[in-house]
Number of protein chains: 2
Amino acid sequence: MIAGALPAQTARMTNRHRSPPRDPFPHFVETVLPAPSAPALAPPLRAIAQTVALEGGQTFRIERGADRFVFIASGAAKLVALASARREQVVAFHFAGDLLWIASPPAHDYLLAALAGTTLVTFPATAFISIVESDAAVMKALFERMQQALLRSREKSVSLGRKTAQERIAGFLATMADRIGTGDALGPQVDLPMSRRDIADSLGLTIETVSRQFSELRAAQLIETHGRSHVRVCNLAGLADRAGHARAPL
Amino acid sequence: MIAGALPAQTARMTNRHRSPPRDPFPHFVETVLPAPSAPALAPPLRAIAQTVALEGGQTFRIERGADRFVFIASGAAKLVALASARREQVVAFHFAGDLLWIASPPAHDYLLAALAGTTLVTFPATAFISIVESDAAVMKALFERMQQALLRSREKSVSLGRKTAQERIAGFLATMADRIGTGDALGPQVDLPMSRRDIADSLGLTIETVSRQFSELRAAQLIETHGRSHVRVCNLAGLADRAGHARAPL
DNA sequence: CGACTGGTTGAGTATGGTCAACTTCGGTGG
DNA sequence: CCACCGAAGTTGACCATACTCAACCAGTCG
């Protein structure tokens, strides 16, 4: 279930301050389950839950045909589809508080890889559903998370199918500022937990192209970067503009 | 709600044999609702349902913030995201029996366009959910359709992000053979209801590239084409092979 | 049968990929 | 605290895949 580090990954430990192994299950309960449903459902769910602690670079694989729900209690992860030996597609990034569904369809294998120290609570999908299916509020909450995932995936299709490299990068940064940015919306800061390779594999580009586009956006005064991962968005409107988020004029 | 034909579309009527305007709602009920749930839910759902008949080329738009469920009673449709004036991304194709969810997120507008004469039954999403949310079986069925849509969308991301033009076309044809093919699996035939432009807009390519790849696959004896839309898959295994559906070796 | 749309084929181009050198970051150890 | 080292990131030169522009062909409908 928990596979080793990815091939080209020398499991460099980034956990100097290893966090105490607090049980993440209560966090799952209060984040995902509506309060009235929690008392009845938490025990049976706990019975089928598996808690997994991953260090950055480690991966969580699912067996074929055994799809799972995964709650990210802390940390950050990428959901990766293996297209072939040297081709990976990052299908989605997920952060603390997210609940995602993973399956491996016939065409490709999928796995979840931690971008840093990450704690997961995972459930076999069918067992999970049979426990919560009778609870309308929980099913509705689940459903809404699914809708959000589908919407994000559709937007990613637009990006991958019809946008230039620069539009993809600009859109990516704007999205990340929205999802994990700190500070006000006018000058958000982001600490990107993913590498340039992860970004490239997410946007259907190469690391070189990602790097070049970062440089261009920097030159255009839209962003500032400090170190490998810190990005300051100087001009969010300008960034959104370059993302090609044109709405069709009616 | 029902907009006119798309810009470059001279609403050429393809309905010589106009089908009788049979009420498609019962078809929705028996296809989507589990039998035990139908009697209780059908009446309130009918009250909020809107039936729409579209000719090929006509589109169904949703207002912003008013997401809908759409059941395709007959025909075929493409779900399109408008990236900008001359850039459209086909996010998904849907056929008779499919139930889909459409929303227009902040970044882009979405619309559903009929590929031929098509009958829809549509519902405002929130009203739909409040009617069915208490019925576990229906919610589960809905949920599974959502999972399927998400899975397909993820697979599309892989295709758009990490596959060559030929791999995309081969994968597309294999998928279509599976979804709307007739005849045995060894020599399936497909009548593609979508134009080369639709295919191009779905795969993130141009019509010329689509055409060239069709020609190459034809030259490689993997497919035969008759007329604009009829495709005969001579070698499904070979096609799947060229689709780059490599599973990671364990 | 003729016109028109959609599809195919060809020639040249551009965006992003590849290959390679170099720089910076950041973590470790002297 | 600074020097060192490996990995990650950046930049440049060149190349390839798919796009653009354009002409031509074929299927379909009137």
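Computation of the quantities below employed the complete heavy-atom set of this structure, encompassing side-chain atoms and omitting hydrogens, waters and symmetry-equivalent molecules. Labels below follow one simple rule: chain letters A, B, ... track the order of the sequence lines, proteins then strands, and each chain is numbered from 1.
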Using a 4.0 Å heavy-atom cut-off, does [X] contact any base of the nucleic acid, only the sugar-phosphate backbone, or nothing at all?
X: A:Arg218; answer: sugar-phosphate
X: B:Ile207; answer: nothing
X: B:Ser195; answer: sugar-phosphate

With respect to the phosphate group of [N], does any side-chain polar atom (N or O) of [X] fall under 4.0 Å of OP1 or OP2?
X: A:Arg228; N: C:dG26; result: no
X: B:Thr206; N: D:dC19; result: yes
X: A:Thr209; N: C:dG16; result: no

Derivation of the side-chain contact (heavy atoms from CB on, under 4.5 Å) call for A:Tyr110 and A:Val80:
CA-CA 5 Å; A:Tyr110 286 73; A:Val80 179; over 6 Å; no
What's the closest nucleotide to the A:Ser215 side chain, out of C:dG17, C:dT8, D:dT11?
D:dT11
Going by atom types alone, do B:Gln50 and B:Arg68 pair a side-chain donor with an acceptor below 3.5 Å?
yes
Distance-only polar pair, side chains of B:Ser195 and B:Asp198, donor-acceptor under 3.5 Å:
yes
Grab the [atom1]-[atom2] distance between [X] and [N] for me, whole Å please.
X: A:Gln166; N: C:dG16; atom1: CD; atom2: P; answer: 9 Å
X: A:Arg196; N: C:dT23; atom1: CZ; atom2: C1'; answer: 14 Å
X: A:Leu160; N: C:dT15; atom1: CG; atom2: P; answer: 19 Å
X: B:Gln213; N: C:dT8; atom1: CD; atom2: P; answer: 12 Å
X: B:Arg212; N: D:dC25; atom1: CZ; atom2: P; answer: 16 Å

Which of these, B:Lys78, B:Lys156, B:Arg168, sits in a side chain to side chain donor-acceptor pair (under 3.5 Å) with B:Ser202?
B:Lys156
